[in-house]
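Data block below; observations after.
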Amino acid sequence: MRRIHVVGAGVIGLACALRLQQEGHHVVLIDRHGPGEMTSRGNAASIAWTDVAPMASRGIWRKVPGWLLDPLGPLAVRPSYALKLLPWMLRFSRASLPDRLKRSVMGKAAINKRALPAWERLWQASGTGHHVFLKGCLEVYDSHNHVTHARKGWKEQRHHGIEVEESNGDQIRELEPDLSASVVGGALVPGWVTVDEPHALCVSLATAFEQDGGKILKASVSRLRSEGERVVLHLENGEQILSDHAIVACGAWSKTLAAQMGDHVPLESERGYNTTFSDPNVSLEHAVMLPGLGFAVSQLSTGLRIGGAVEFGGLMLGANWKRADAMASQAARLLPKLNQENGIRWMGHRPSMPDTLPVIGHSRHSDRVTYAFGHGHHGLTQAAITAELVRDLIHDKRPEIDCTLYSAQRF
């Protein structure tokens, strides 16, 4: 039995802690805020295992200039952060080249294909399956041209064995009558899975972890180093912790710790916004994706959540709440009955890699430090399978996926 410390108690860290605990290890979770309090608190509540397209995809650069001209559009860069972002954007550009794009699709499809079965194993082991339900997802468009372009993506999904049912506007409104007549077409993806409330799921996972003897330490790790057969974790309060193994799973805040272990990964904060309306006057039976507008609408137990989009501005700049308001206004065009009163706005930091693949693997200087971060929009989706891959790597067992695809040293 090893003494393992997991740095970060978001959904990735929680899944890793639970899986390693189930293997008989003594596991301690360390987080400065608490379980599920940061990025995992405000996600879109979807286990989007059916998604195989990387963000850096064919033709993406034709869209980016138009997006950047709209400060409230699907993708924005804060002017004061543009120069710092340039190296990441150059890597993002290279990731859309045919050979690199093929690698990204392969890596994303491989991990997402195994995401749902891994979650089913974790839900059963932790008793948290009551948070999950199969709703399916509607991908909707208000332009026939957008539908035509979307067919390429649907074809790719079908190639990977994912069921996609193209539908016209009337068929979509039969499934979701609250959608407006401006919706002209789209597709139903029946296999899409939704959780009732992502923060509640995190709290339940943390409760299961503690009930089985796990410990959660509210603290911040400022430094990480290997020392012989041990890993030393330095806390901001001056305390030092000796560990047999450390997992770095602190999302967009993982970059500094990885650099201390010799891995300078191109990790950026991809800031996402949402608003949750507790009394929306709209009830959806499916998750609704609006790719042309860059956001999604999710029915949660706590209300209707409207959020998404991409803003690059680092970890320190304040929120631009006009972005959340703009998405809510756009959603109101497609959901005319939407009551926009009593909305709670939120902004979080998605840990984004330029090739859309996470970082899962050992550090450059020590196999006693393992990374599990950089999942971008798919942290909730890929949490359970990431935990199983981390378990296999720690046990020197060959994972079922080639983890060189996700190595920090791939750059």
Side-chain angles (χ1 to χ4, degrees), residues 2-21 23 25-41 202 205-206 209-210 213-227 229-265 267-269 315 348-353 358-376 379-380 382-384 386-391 393-394 406-408:
R2 303 181 198 180
R3 182 174 175 83
I4 299 176
H5 290 78
V6 179
V7 185
V11 70
I12 302 289
L14 285 163
C16 289
L18 275 163
R19 181 54 66 194
L20 292 169
Q21 184 183 65
E23 296 294 323
H25 300 294
H26 177 71
V27 185
V28 178
L29 266 167
I30 305 176
D31 194 287
R32 59 181 172 173
H33 295 287
E37 289 295 333
M38 294 300 286
T39 307
S40 294
R41 186 181 189 93
C202 288
L205 291 170
F209 172 69
E210 289 185 300
K215 180 181 178 182
I216 299 176
L217 176 63
K218 196 170 183 179
S220 180
V221 177
S222 60
R223 187 182 171 201
L224 196 64
R225 62 186 174 89
S226 60
E227 189 177 274
E229 297 297 305
R230 295 288 184 269
V231 179
V232 184
L233 297 91
H234 297 256
L235 304 186
E236 282 190 347
N237 63 8
E239 183 182 350
Q240 294 185 22
I241 297 175
L242 294 179
S243 181
D244 296 320
H245 205 111
I247 312 297
V248 178
C250 43
W253 292 269
S254 301
K255 187 174 184 176
T256 300
L257 296 181
Q260 292 169 1
M261 297 304 301
D263 293 297
H264 298 277
V265 294
L267 179 68
E268 271 294 341
S269 163
L315 294 168
H349 298 275
R350 307 184 193 99
S352 185
M353 302 296 289
V359 177
I360 304 170
H362 298 315
S363 75
R364 184 182 302 274
H365 292 323
S366 174
D367 61 5
R368 292 182 178 275
V369 175
T370 304
Y371 302 136
F373 61 81
H375 296 75
L380 178 59
Q382 297 169 356
T386 295
E388 293 186 358
L389 295 174
V390 166
R391 173 203 61 193
L393 290 167
I394 288 177
Y406 318 112
S407 168

If only atom types and distance count, is the side chain of H25 paired as donor or acceptor with the main-chain N or O of R2 below 3.5 Å? yes
Below 4.5 Å, heavy atoms only, C-beta onward: do V231 and L242 meet side chain to side chain? no
Among H365, R230, Q240, exactly one meets side chain to side chain contact (heavy atoms under 4.5 Å, CB included) together with R225. Which residue is that? Q240
Assess the residue pair I241 and L217 against the criterion (side-chain contact (heavy atoms from CB on, under 4.5 Å)); give the C-alpha distance rounded to whole Å, side-chain angles, the decisive distance to 0.1 Å, and a yes or no. CA-CA 11 Å; I241 297 175; L217 176 63; 3.9 Å; yes
Verdict with reasoning, L257 to Y371, per side-chain contact (heavy atoms from CB on, under 4.5 Å): CA-CA 10 Å; L257 296 181; Y371 302 136; over 6 Å; no
Quick one: does any side-chain atom of S269 pair with a main-chain N or O of L315 as donor and acceptor, under 3.5 Å? no
Could you give the distance from CG (L14) to OG (S40), rounded to the nearest 0.5 Å? 7.5 Å
Is the closest basic N to carboxylate O distance between R350 and E268 below 4.0 Å? no
So, taking the atom named CZ in R391 and the one named CG in L18, what distance separates them when rounded to the nearest 0.5 Å? 13.0 Å
Residues I394, H245; criterion side-chain contact (heavy atoms from CB on, under 4.5 Å); working and verdict: CA-CA 8 Å; I394 288 177; H245 205 111; 3.6 Å; yes
Considering the options L224, V248, V369, which one meets the side chain to side chain contact (heavy atoms under 4.5 Å, CB included) requirement together with Q260? L224
Start with the C-alpha distance between F209 and V27, add both sets of side-chain angles, then the distance that settles side-chain contact (heavy atoms from CB on, under 4.5 Å), and finish with yes or no. CA-CA 9 Å; F209 172 69; V27 185; 3.9 Å; yes
Gap separating the CZ atom of R368 from the OG atom of S226, nearest 0.5 angstrom: 9.5 Å
Can you name the nearest heavy-atom pair linking A17 to L29, along with the distance? CB-CG, 3.8 Å
Decide yes or no for V7 and I247: does some side-chain heavy atom of the first lie under 4.5 Å from some side-chain heavy atom of the second? no
Smallest separation among heavy atoms of S366 and S363, with atom names: O-OG, 2.7 Å
Shortest non-hydrogen pair, L267 vs G374, comes out as CD1-CA, 4.0 Å
Measure the SG-CG distance between C202 and L380 for me, rounded to the nearest 0.5 Å. 7.5 Å
Within a strict 4.5 Å, meaning less than it, do heavy atoms of the H349 and W253 side chains meet? yes
For a 4.5 angstrom cut-off between non-hydrogen side-chain atoms, does V359 reach M353? yes
Could you walk me through whether E236 and R32 pass the salt bridge (Lys or Arg N to Asp or Glu O under 4.0 Å) test, one step at a time? CA-CA 10 Å; E236 282 190 347; R32 59 181 172 173; 5.8 Å; no
Donor-acceptor contact present, side-chain N237 to main-chain E239, <3.5 Å: yes
Minimal non-hydrogen separation, V11 against G379, with atom names: CG1-O, 3.8 Å
Is it true that E388 and R19 make a salt bridge, defined as a side-chain N closer than 4.0 Å to a carboxylate O? yes
Distance from T39 atom OG1 to I12 atom CD1, nearest 0.5 Å? 10.5 Å
What's the shortest heavy-atom distance between V232 and H234, and which atoms? CG1-NE2, 3.6 Å
Side chain proximity check, D244 to I4, heavy atoms < 4.5 angstrom: no
Grab the two heavy atoms, one from A258 and one from V265, that are nearest each other, plus how far apart they are. CB-CG2, 4.4 Å
Check: I216 and P35 side chains under 4.5 Å, non-hydrogen atoms: yes
For S243 and R3, indicate whether the former's side chain and the latter's backbone hold a donor-acceptor pair under 3.5 Å. yes
Counting C-beta onward and ignoring hydrogens, is there a side-chain heavy-atom pair between Q21 and H26 closer than 4.5 Å? no
Polar side-chain atom of D263 near backbone of R364 as donor-acceptor pair, under 3.5 Å: yes
Would you say H362 and L393 make side-chain contact, with heavy atoms under 4.5 Å? yes
